[in-house]
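Values reported hereafter were calculated over all heavy atoms of this structure, with side chains retained and with hydrogens, waters and symmetry mates removed. Per chain, numbering begins at 1; letters A, B, ... match sequence-line order.
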Amino acid sequence: MFPNMSTRVRFAPSPTGQVHIGNIRAAIFNWLFARHEGGRFLLRIEDTDRERSTPEALEAVMAAMNWLGLEPDEPPLFQSTRTDAHIAAAEQLLSNGLAFKEDKGGTGKGDCVIFRMPAGTDSEFDDIIKGRLTKKAEDMKDFVIVRSDGSPVFHLANVVDDIFMGITHVIRGDDHVENTFRHIALYKALGADVPRYAHLPMIVNAQGKPYSKRDGDAYVGDFRQKGYYADALFNYLSLLGWSPGDDREQLTRQELTDAFTLERVRSSASQMDLKKLTFLNGRYLADMSAADFETAASAYAGSPDWLQAGKAARFSEVCRLLQSRTKTLADVREWTYFFDRMPAYEQKAVDKLLRKEGVGVMLSAFVQKLGVVGFDHDSIESALRAAEAEAGLKEGKLNQPVRVSITGITTGAGICETMLLLGKDSVIARLTHAATNLCG
RNA sequence: GCGCCCAUCGUCUAUCGGUCAGGACAUCAGGUUUUCAUCCUGGUAAGCGGGGUUCGACUCCCCGUGGGCGCGCCA
């Protein structure tokens, strides 16, 4: 297969807020298509809405793309720098008689430029995803391409820039389907080749409704913040509206690239499933090398109070112990008991496992035995079994009371491994504290 | 209101006229793990309704229903 260097696609966000999950999915599909075709993936910042475009929003776009590994193949084009070209195109249409000036009135701002939709000509195009789409001439109206204040409107700028950038395939959300008939008319009026179109189905919220500003988890930043790993989110999103055609679901970027075709994209909306994303995320995390996992966990954790200088070695050990049971990097926040002097005791766990007749006495007995043996896995386990036997308990019955005493919670790695990592002094201090202050 | 689009387990999906309608997440039941998670085994669970076309429809056509998008001097 020869790389088709002439294939050029673009992601064209407007920097007016956070990066929506549906938008980034469009970016991913564009990226995948470009890579699969051996073409180029470009970025155009549609920052012509001066009122709403902000530097923060631009930063959010760049951060999201960088995080997901969606670097464009050429420097981004800022649409705001292209105004002269947009106006020149409008002038051309004006002189060709394909557009006209008019004071639509009411605004009192003067003339705007209006594009004349070809009369009596029905419009149609073959969408790679949706198939043949048609629109009757009578259903299409003329539209403004330059505002009365002289600024170009989206349709004009979008088409003129796509022509300028040599875009061959426009892959975008299907909320743009209706615009396409207008855009095609503009291409033809401007004497340019019409690109191929592929309209992606929408992503809807857990209620099956379009995302609204009130929905959580609608933005890329939310997922990053919640501890999702970029590759896992990328993988999950690529499976929303598309599948490789076989039963694979966990695919590397290379596998996704190899398998991706627009023809396999479905045309109905799909719903986010956080449970499945979380499952996939856990798989990615578990499959990472210990070093990579530590890097990711550390990057996510940042420098919280509980993880100050000098704790790096311990952090590595904790990573190794808990990697396999980490679902999202946010789980790292629950590791504090390895670093603080005392754990934060969960009330429910204390009530259930410590506030029972005789538990304090048993824990004290266990402390006694721990004090006189070496502190290795086997010794700890023997001491635990001995304490249980003395109290007339079945093997393992003291595990959970001990766990709550030293970690404050009921879940975690193996109890002996946990004690080993915590260290003898710390374990004894916590058990003693629990036996005297928390048991009933 | 008008125009366009969409419709398979709860969810993501496979199927491109002939399958016991497959897989995954979730869920339920077992097993492993002396906690939890993982992992293993098994179960429940789907073609929106009505007409056609055809020897045969989830698949093709029409109508209906439901949902979405569009109808800006926003993008």
Side-chain angles (χ1 to χ4, degrees), chain A residues 12-16 23 46-49 51-53 79 102-107 109-114 127 129-131 133-136 138-141 143-155 157-158 172-182 199 201-204 206 208-210 236 239-250 263-264 266-280 282-283 286 322-327 331 349 353 381 384-385 388 394-404 407 409-416 418:
Chain A
S14 41
T16 55
N23 281 125
E46 303 210 328
D47 57 349
T48 52
D49 187 336
E51 305 267 301
R52 298 195 298 151
S53 296
Q79 193 160 63
E102 183 182 298
D103 181 349
K104 288 180 87 178
T107 60
K109 284 184 287 189
D111 286 351
C112 57
V113 180
I114 297 175
D127 190 278
I129 296 168
K130 294 183 175 296
L133 266 17
T134 60
K135 196 82 171 171
K136 293 194 189 68
E138 67 229 51
D139 292 329
M140 297 186 285
K141 295 190 295 189
F143 58 97
V144 175
I145 54 177
V146 179
R147 299 186 188 88
S148 49
D149 67 1
S151 63
V153 167
F154 163 73
H155 304 295
N158 190 272
R172 64 198 347 179
D174 68 9
D175 48 330
H176 281 295
V177 167
E178 303 287 332
N179 291 332
T180 306
F181 298 102
R182 295 193 182 101
H199 287 95
M202 313 237 89
I203 294 179
V204 297
K209 297 288 179 185
Y236 178 76
L239 258 24
L240 239 37
W242 175 85
S243 76
D246 50 43
D247 287 339
R248 289 178 297 166
E249 296 209 316
Q250 188 178 355
E263 285 77 9
R264 286 202 61 81
R266 285 168 56 84
S267 57
S268 54
S270 43
Q271 195 170 316
M272 284 287 291
D273 181 356
L274 271 320
K275 295 263 183 60
K276 187 157 185 172
L277 203 212
T278 303
F279 167 83
L280 232 205
R283 287 279 279 265
L322 296 175
Q323 175 175 359
S324 69
R325 55 196 86 206
T326 302
K327 288 286 195 195
D331 294 350
L353 291 151
E381 187 164 13
L384 195 48
R385 299 295 155 253
E388 282 163 352
K394 279 188 195 155
E395 282 197 357
K397 285 295 178 190
L398 212 45
N399 284 22
Q400 286 303 80
V402 168
R403 180 184 299 283
V404 172
T407 70
I409 55 180
T410 57
T411 63
I415 191 65
C416 293
T418 300

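Considering only side-chain N and O atoms, Arg283(A) lies under 4.0 angstrom from the phosphate OP1 or OP2 of rC39(B). Taking side-chain N and O atoms only, Arg266(A) has a distance below 4.0 Å to OP1 or OP2 of rA14(B). When the side-chain nitrogen and oxygen atoms of Arg172(A) are compared with OP1 and OP2 of rA75(B), none of them lie within a distance under 4.0 Å. The side chain of Ser270(A) places an N or O atom within less than 4.0 Å of a non-bridging phosphate oxygen (OP1 or OP2) of rU13(B). Side-chain N/O atoms of Ser243(A) include one lying less than 4.0 angstrom from OP1 or OP2 on rA14(B). Residue Lys141(A) places at least one side-chain N or O closer than 4.0 Å to OP1 or OP2 of rG72(B). Applying the 4.0 Å criterion to OP1 and OP2 of rU34(B), one finds that Lys397(A) has every side-chain N and O outside that range. Within the 4.0 Å cut-off from OP1 or OP2 of rA75(B), at least one side-chain nitrogen or oxygen of Thr48(A) is found.
Among the atoms of the strands shown, base atoms are found under 4.0 Å from some heavy atom of Ala413(A). At the heavy-atom level, Ser268(A) lies under 4.0 Å from the strands shown only through sugar-phosphate atoms. Heavy atoms of Ile114(A) sit nowhere under 4.0 angstrom from any nucleic acid atom. Among the heavy atoms of the strands, none lies under 4.0 Å from Ile415(A). Backbone-only engagement by Lys209(A) is indicated by non-hydrogen atom pairs under 4.0 Å involving sugar-phosphate atoms exclusively.
Here the P atom of nucleotide rA24(B) and the CG atom of Asp246(A) are 13 Å apart, to the nearest Å. Rounded to whole Å, atom P of rC69(B) lies 12 Å from atom NZ of Lys130(A). To the nearest angstrom, P of rU35(B) lies 12 Å from CG of Leu384(A). As a whole-Å value, the separation of Asp103(A) CG from rC73(B) P is 13 Å. In this structure, CD1 of Ile203(A) is placed 17 Å from P of rG68(B), rounded to the nearest angstrom. What separates CD of Glu395(A) from P of rU33(B) is a distance of 13 Å, to the nearest Å. Taking atom CG of residue Leu398(A) and atom P of nucleotide rU34(B), one finds them 16 Å apart after rounding to whole Å. Residue His176(A) contributes atom NE2, which lies 24 Å from atom P of rG3(B) at whole-angstrom precision.
Going from the C1' atom of rA46(B) to that of rC25(B) covers 16 Å, rounded to whole Å. Taking the C1' atoms as reference points, rC5(B) lies 22 Å from rU11(B), given to the whole Å. Comparing rG51(B) with rG23(B), their P atoms are spaced 32 Å from each other, to the whole Å. As rounded to the nearest Å, rC48(B) and rU54(B) have C1' atoms that lie 23 Å from one another. Taking the P atoms as reference points, rG72(B) lies 16 Å from rG3(B), given to the whole Å. Taking atom P in both rU19(B) and rA24(B), one finds a spacing of 22 Å when rounded to whole Å. Taking atom C1' in both rG31(B) and rG18(B), one finds a spacing of 40 Å when rounded to whole Å. Nucleotides rG50(B) and rC55(B), compared at atom P, are 23 Å apart to the nearest Å.
Pairing of rC48(B), defined by two Watson-Crick or G-U wobble distances under 3.5 Å, is identified with rG64(B). Across every strand in view, rA24(B) sits in a pair with rU11(B) that passes the Watson-Crick or G-U test at under 3.5 angstrom. Pairing for rG1(B) is with rC71(B), a Watson-Crick or G-U wobble pair whose two hydrogen-bonding atom distances lie under 3.5 Å. Nucleotide rA29(B): paired with rU41(B) (Watson-Crick or G-U wobble, both distances less than 3.5 Å).
When all heavy atoms of Ser243(A) and Arg264(A) are compared, the closest pair comes out as O-NE, 2.9 Å. Heavy atoms only, all atoms of each residue included: Gly110(A) and Asp103(A) are closest at O-OD1, 3.5 Å. Shown here for His199(A) and Asp127(A), the closest heavy-atom pair between the two residues is ND1-OD2, 2.6 Å.
Panel note: side chain Glu388(A), backbone Leu398(A); a donor-acceptor pair is recorded below 3.5 Å.
Between the side chains of Thr407(A) and Arg403(A), no donor-acceptor pair is found at a separation under 3.5 Å.
Classification of Arg147(A) and Asp149(A) as a salt-bridged pair fails, no side-chain N sitting under 4.0 Å from a carboxylate O.
Across Leu274(A), Leu277(A), Thr278(A), a single residue satisfies side chain to side chain contact (heavy atoms under 4.5 Å, CB included) together with Tyr236(A), and that is Leu277(A).
Positionally, the nearest nucleotide of RNA chain B for Arg385(A) lies more toward the 5' end than for the other of Arg385(A) and Asp49(A).
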